[in-house]
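Just so you know, residue 1 is the first one in the sequence shown, and it goes up from there.
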Amino acid sequence: MNQPHLLRTAALIVLPFMLLPGAFWLAVNAPGPVPASGWQPGVIWALRLFYFGGAFVGWRAGRPHWFYPWLGFAVYAAVAILLQITFLITDWGDGPLMILLGLILLPAAFAPYFAAALWLGWRRSQRQLAAYTVFPHAGLTIPLFILVTGGQSPGDLSGVFLSAVAGAAIATLYWYPLSTFAQGETNWIRTAVLYGGVILTHTLFFIGLGYLNDVGRVRDILVMLIALVSLGWVILSGPLLLPPLVQLLLRALKAERAIGYLGKKVGQVLPALTTAVTRFKDYFDPPASKRAGDYPPKSEENMSEETVAATVADTRKPAGPNVDRLYKLSITILAAMAVILVALYAGRAAVYKIHEFERGLHLRGGRFLGVQMPGWHIQVPLVDTVIIVKVNERLGYVERIAAMTSDNVTMDVSLQYTYRVTDPQRFALAVDDPERIVFEFVQGRLRDVINTKAMTGVMNQRTEMNLEIMQELEEKEGQYGVEFITVQIQSASPPTEVLSAIKDRMVAVQRQEQAEAEAAQQRTVADAQFYAAQKEAEAHAYRITTTAAAEAEQIQLTTEAQQLAVRAILSELEGKGALAEKYIDYLIAVELKENSKWILGAGAEPILELRPSVEE
């Protein structure tokens, strides 16, 4: 095969593998306006159409080397479509009928894989090529499964890319002229390339995800890797083992002639199946030339791509004894895998580890042997039983239980408690459901303490109640193999009805106190007003009395002064003649004219003036 054809073939082999990480990248990077819920299924269906189209083009081109990887991816796409249809159907209901239908449809979804394995591997000479076809299934199991289920994430892209590159390299190396590495037949080396490629692709997938960087999970990751590689080898061995098993079954049922006749009729109706019918017929009735060992001189390894495309598959040289050895190798590998899995299971069941916060109860045949401390231990599988009991501190809750107080009030009480296991044997073996027993025990002690307290004491004396509950628990904790550390009442309140009545009573008392305070205030104000009025009346009376006394004294003084003044005037005018008498008469006339009132004494002398004073 010349250089351009080699490059073209290698590129067409690598292309379906590299489409897988490309589809992953597109699925997790949806364009802004496009919703991810519609973008991801579109990418997946576009990838499937690419695989179907590539397989169809390769079929029309005469099935060259690059046709088989495309066919493998197309078969997986068909399986994925049938699985999605199966899941959609089974999601319609949960009844027994749907479960039975799911059990029927689930194996049927893998029909494309079984059909490809039987069709490609029906003849012994083609079984290694059939295993090469399903190599993408075996080497890229997880990436293809993630793409089908729609669980893509940006963190998976590096693992998918590395595994796809490794798968493409292995698929290309399969067709490399291996005579440069080994002399003679190359079937053994190609088989080792395929099975080793499964290990390489899965390992690179885990490396790309960064799982191997977590030293603490190396053992778990190795177990997962071994399980995936084993599954990949089973998928890869399907075309090697399934066709001979079906042929053996047909011989046992003596149905080969009927199947051959049916295949001949189908081939007449569907010319596209003529080649498959010929393979089936030649297996049970090979041509005379092949019986005599007259094989074509050319082998597939030495033919160019154009020759392979133009040559009918029946003219290819069968592997002869090498295929028998390949078949035996597959049986040996599967047997070794089974032995390895059994050994891993037995080792996992026999060796176990107890952590620092655990204790192990070792039972043999149901009889207790002893308590095992932290570290690695060995047991006899299927005979010994180890019950792991955690001895670190545990937290428990008693959520709002109803408890009656001593004054017949129902209270809703919540409690939190912590404890640890001190006797694993008694805790796990002496009682059934120990955690439930501890819970019921704490709940009972809580009710007992509440029954001895009044409602106000329950609400206001939580510290004393915590101590009483702890004392009650300590008396019985050895019976269950535990030690109580803390007990704390979280809440204590009456029921809603009682709480409403208490609130109503408190409101009534508050209103009564408010009314009494207002009445007392009003009485105080009235007393103050009365006292002020009384004092004001006393002051007014005192003022009136004082004023009257002062006025009386003033009148008296004024009268005396006037009397003295009149006497003085009269004494001065007495004996002064007629003029003086006239003046005296004038003064009397003036006084009478001004309505003066006088009390005249003997001799007509004024004694007291009764006219009101000017101030009044």
Side-chain angles (χ1 to χ4, degrees), residues 10-60 66-91 105-106 109-113 116 133-172 198 201-202 204-211 228 231-232 235:
L12 291 175
I13 291 174
V14 170
L15 181 58
F17 288 90
M18 301 314 298
L19 285 176
L20 189 61
F24 259 84
W25 184 85
L26 287 175
V28 298
N29 292 278
V34 181
S37 58
W39 173 259
Q40 291 184 356
V43 171
I44 294 174
W45 278 100
L47 181 65
R48 292 171 183 172
L49 292 178
F50 267 105
Y51 287 148
F52 290 143
F56 178 75
V57 172
W59 175 270
R60 297 291 295 176
W66 56 266
F67 160 72
Y68 297 98
W70 284 92
L71 178 61
F73 281 102
V75 169
Y76 191 92
V79 172
I81 293 173
L82 294 178
L83 282 175
Q84 286 185 335
I85 294 174
T86 300
F87 294 152
L88 287 175
I89 294 175
T90 54
D91 287 342
L105 293 178
L106 190 60
F110 294 92
Y113 168 79
T133 302
V134 299
F135 171 72
H137 300 218
L140 302 174
T141 305
I142 295 183
L144 288 171
F145 179 77
I146 293 175
L147 193 63
V148 168
T149 56
Q152 304 90 355
S153 64
D156 299 334
L157 184 59
S158 57
V160 173
F161 178 77
L162 289 178
S163 59
V165 170
I170 296 298
T172 306
V198 173
T201 52
H202 286 294
L204 289 178
F205 178 76
F206 281 110
I207 291 176
L209 295 182
Y211 286 173
L228 288 173
L231 177 61
I235 295 173

| Worked verdict on Trp45 versus Ile81 for side-chain contact (heavy atoms from CB on, under 4.5 Å) | CA-CA 9 Å; Trp45 278 100; Ile81 293 173; 3.6 Å; yes
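- Atom CZ of Phe50 sits in a sparse spot, with 12 or fewer heavy atoms from other residues, nucleotides or ligands closer than 6.0 Å.
- Here the shortest heavy-atom pairing between Val198 and Gly232 reads CG1-CA, 4.0 Å.
- Among all heavy-atom pairs drawn from Val14 and Thr172, the shortest one is CG2-OG1, 3.6 Å.
- Among all heavy-atom pairs drawn from Pro16 and Phe73, the shortest one is CB-CD1, 3.6 Å.
- Between Leu15 and Trp66 the shortest side-chain heavy-atom distance does not fall below 4.5 Å.
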| request: Start with the C-alpha gap between Val75 and Val134, add the side-chain angles, then the distance that decides, and say whether side-chain contact (heavy atoms from CB on, under 4.5 Å) holds. | output: CA-CA 8 Å; Val75 169; Val134 299; over 6 Å; no
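- Considering every non-hydrogen atom in both Tyr113 and Ile235, the closest pair reads OH-O, 2.6 Å.
- The backbone N or O of Leu12 lies less than 3.5 Å from a partner atom in the side chain of Trp70, making a donor-acceptor pair.
- Using a 4.5 Å heavy-atom threshold, the side chains of Phe110 and Leu83 count as touching.
- With rounding to the nearest 0.5 angstrom, the CG atom of Leu20 is 5.0 Å from the OH atom of Tyr51.
- Closest approach of Leu228 to His202, counting heavy atoms only: O-NE2, 3.8 Å.
- Below 30°, between 30° and 60°, or above 60°: for Phe17 and Phe135 the angle between ring planes is between 30° and 60°, a tilted geometry.
- A pairwise comparison of heavy atoms in Leu47 and Ala23 identifies CD2-CB, 3.7 Å as the closest pair.
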